[in-house]
A.B. asks: 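A single structure is presented below for examination.
Below, chain A is the first sequence line, B the second, and so on; all start at residue 1.
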Amino acid sequence: MRNLLVWRSAFLLATVGSIASLWNQDRMADFLHPRYAALLPWSAVVLWGLACAELFRWRDGADGGKVRPRHVVWVLPFIVFALLRPEGFSDSFQRSRGLSAPSRMLAQAQRPETVTDTVKIESAPDQDSGVIESTEPPSNDSDWITPLRQAASLGKAMAPVPVPLDDSSPSPPVGKASIWCDLPPHPGKACVDTIRDRLWYQQMLALYMDPHRHLGRRVWMVGRIQPDALFGNGWHHVGRMMIWCCAADASPVGFYARPATGAQVPDSGWVSVEGTLSVREGVLPGADRASPVPVVLDAVFHRVEPPRQENVFPFAY
Amino acid sequence: MMTLSDIALVWIAIVLEALPFVLLGSALAAVVETLVPPRWLERALASSGKAGIALASVLGLVVPVCDCAVFPVVRKLLAKGWAPSHATAFLCASASLSPAVLAATWWAFPQDPRIAFARAATGILAGWVAGGLVGKFWGRRSPLRKTAKVMDLAKVKEVPETLLDLAEGRSQQPSACCGHEHGHTHIGARKGWMGRGLDFFHSMADEFSENMVYILAGSLVAAAVQVLVPSEALIALAGHPFLAVPAMMAWGFVLCLCAHADAFVASSFVGILPPGALLAFMAFGGILDAKNFLLWWSSFRPRFVLMVLAAVVAVVMVAGLAYPLVAAR
């Protein structure tokens with residue numbers, strides 16, 4: 001009788017764990033590359049099958065009908081995850097990662113191959129110097145990705161293929177959204193470069209690669225804000241966690257921003273930020289020398305709801 | 001509280017990333033358990049010697065398993081009598097040789113695809129050296145801890161015939177298997193497709209349960225280290241020319257990344273760290289990381305683990321230091 005109860009409990013736990021993994025898939029997928037997250041439902045089905053097979057084993061009296069903690073322990077992380085309900089990386093975790101990813105991007109950007117690609121793109125015909133304007137989100141991936149590949153000046157060296165995710169950030173200001181506005185701006189036409197979820201890495205890399213080229217751009221993006229005194233008091237960092245594989249390698253990428261005079265600045269949480277791109281010399285965390293860093297001046301912040309997918313995934317593979 | 005939440009988040013991310021591959025490895029191990037006869041491997045590979053080690057090190061090209069999936073397969077093959085030296089070579093080399101891993105590495109380093117070849121070569125070399133070392137100093141003794149439960153094929157001639165009959169399904173005599181009397185059914189004892197199917201699932205469940213305990217514990221340790229120790233400390237250490245390779249090996253060990261994805265993380269360090277350190281990060285992390293180390297430690301005898309670990313560390317270190325010199329030519 002005791003064995004029967006134990007095995008039934010084990011079976012129930014296994015089933016609940018499997019269902020929980022399915023139920024939580026959206027949240028879990030935020031911390032895993034989508035390619036791995038896509039394997040979770042299949043894994044849950046297999047686990048459920050294993051739990052059923054265990055019932056047959058009890059019926060057969062196999063293994064002496066003994067149950068050990070190891071038979072059910074694999075549901076433990078699901079239970080911990082459900083109890084703690086982590087809503088995202090904490091500010092302290094983000095800070096412990098050093099807000100350092102920009103320095104890595106910078107180092108990549110200074111590779112000769114990448115810089116060569118920039119030159120190629122600048123001279124490409126029929127692309128209006130890589131300027132693409134649109135006031136509506138593109139209707140399909142190719143509309144969105146192809147101009148990006150040219151406009152973001154990355155070329156083959158980085159081989160970026162954005163992960164096909166829904167762009168889940170709050171919408172940019174209607175009527176003036178664009179990726180890569182004309183420089184210098186058209187007279188009388190307000191245009192704001194929006195850093196979008198799907199193009200995050202590519203757009204940020206392009207900006208970090210040659211910040212002087214983008215002086216004066218108006219940019220708009222959504223990210224988590226926290227005070228950062230790299231360039232002095234009153235500066236903030238607005239960024240998103242970028243994940244290549246899973247939460248283990250997450251690192252923040254974003255801008256240092258200085259608020260406009262009189263602008264209200266939240267201390268933490270999700271904000272949209274709009275401001276003018278400029279360049280400062282600074283030693284980024286993890287770097288051993290000063291380098292030109294794109295910063296946002298005259299920044300205006302607004303609190304926004306967290307995006308459905310908080311983190312960004314630069315690569316599909 | 002936030003720290004706990006971060007640890008839980010990183011923990012579950014590592015576990016979920018590994019889960020499908022552990023299931024795959026458990027399924028392959030169950031195939032070995034239910035379909036490979038106990039003495040077949042020994043008969044097939046007993047006399048292959050050093051050629052067997054070489055063959056086992058490149059087996060990863062045709063048996064594409066990553067670091068999470070390879071361990072259950074190797075453990076089961078060892079239990080079935082595969083020579084420890086051959087099993088070690090396969091264990092160390094297979095993750096680096098998986099076609100998907102090589103393709104990902106190639107793609108992540110478009111400016112230097114030679115690093116994909118270097119990764120494969122490092123894996124093969126680690127397999128050869130570790131396998132050779134085990135062949136010379138460990139011999140054919142089983143490296144598994146629980147030799148009472150699994151048959152040590154090195155002593156197969158001393159095993160009572162009734163046990164082999166039972167394991168091969170020729171006998172149902174209940175008292176011969178475990179040294180005591182009871183009436184349970186063992187894996188391999190059932191007949192017919194239905195019986196084989198149940199055997200497969202039971203073997204897979206056993207293997208999965210066994211592995212997950214240690215993967216959970218290893219991942220928890222790795223997650224705690226990642227949250228509590230700022231990554232910049234280790235990365236800053238890696239900036240030193242002589243410490244870069246060992247520091248990145250340690251970072252690869254702690255990060256517990258999937259072998260299919262670690263190349264992309266490594267590529268984000270291009271320009272900051274020397275290419276040899278990136279090679280060491282991928283090669284060492286692909287063979288052994290914190291979550292797999294506990295698996296090794298729990299299943300293998302400590303001396304065996306230390307022997308293999310020393311060989312792998314030495315090979316990866318040399319490869320990491322030598323790569324810039326070779327690549328410069």
Side-chain angles (χ1 to χ4, degrees), chain A residues 21 28 31-33 36-37 39-40 42-43 46-47 49-50 53-54 56-57 60-65 69-71 73-74 76-78 80-81 84 86 89-93 96-98 100-101 103-104 107-108 110-111 113 156-159 244-249 251 285-286 288 315 317, chain B residues 2-6 8-17 19-20 23 27 104 107-108 110-111 182-187 198 201-202 204-206 208-210 212-213 216 219 222-223 226-232 235-236 239 255-258 260-262 264-265 267-272:
Chain A
S21 75
M28 289 176 180
F31 311 110
L32 264 183
H33 193 284
Y36 293 98
L39 297 172
L40 286 181
W42 296 103
S43 304
V46 174
L47 288 173
L50 288 183
E54 290 296 282
F56 276 95
R57 181 187 293 210
D60 283 0
D63 203 19
R70 65 181 169 84
H71 288 138
V73 78
W74 53 268
L76 198 61
F78 296 101
V80 171
F81 191 76
L84 285 175
F89 297 106
S90 68
D91 287 346
S92 60
F93 181 73
S96 80
R97 293 277 161 147
S100 63
S103 62
R104 286 190 224 161
Q108 278 192 325
Q110 289 165 352
R111 283 184 298 167
E113 307 93 307
K156 265 184 83 175
M158 288 304 300
W244 302 80
C245 170
C246 69
D249 67 75
S251 55
D288 56 358
F315 275 97
Y317 50 86
Chain B
M2 291 310 283
T3 304
L4 271 183
S5 165
D6 289 329
L9 207 155
V10 176
W11 184 33
I12 197 151
I14 296 174
V15 170
L16 289 178
E17 172 216 317
L19 184 68
L23 278 170
W107 195 29
Q111 77 284 7
H182 50 70
H184 61 253
T185 313
H186 274 274
I187 289 169
L198 276 178
F201 278 112
H202 290 167
M204 188 176 164
D206 280 348
F208 178 73
S209 308
E210 188 80 34
M212 278 310 279
V213 177
L216 288 177
S219 310
Q226 284 188 41
V227 172
L228 299 175
V229 179
S231 60
E232 289 311 312
I235 293 169
L255 269 188
C256 295
L257 292 181
C258 178
H260 296 107
D262 58 4
F264 295 97
V265 178
S267 73
S268 75
F269 288 100
V270 169
I272 287 189

A.B. asks: Are any of the side-chain heavy atoms of B/C258 and A/Y36 separated by less than 4.5 Å?
C.D. replies: yes
A.B. asks: How many angstroms lie between OG in A/S90 and CG in B/D6, if you round to the nearest 0.5 Å?
C.D. replies: 3.5 Å
A.B. asks: To the nearest 0.5 Å, what is the distance between SG (A/C246) and CG (B/L16)?
C.D. replies: 9.0 Å
A.B. asks: Name the region of B/L23, side chain, backbone, both or neither, that has any atom closer than 4.5 Å to a heavy atom of chain A.
C.D. replies: side chain
A.B. asks: For B/C256, is it the side chain, the backbone, both or neither that has a heavy atom under 4.5 Å from a heavy atom of chain A?
C.D. replies: neither
A.B. asks: I need the minimum non-hydrogen distance between A/A248 and B/I14, along with the two atoms involved.
C.D. replies: CB-CG1, 4.1 Å
A.B. asks: Write down the atom of A/L32, the atom of B/A13, and the distance for their closest heavy-atom approach.
C.D. replies: CD2-O, 3.7 Å
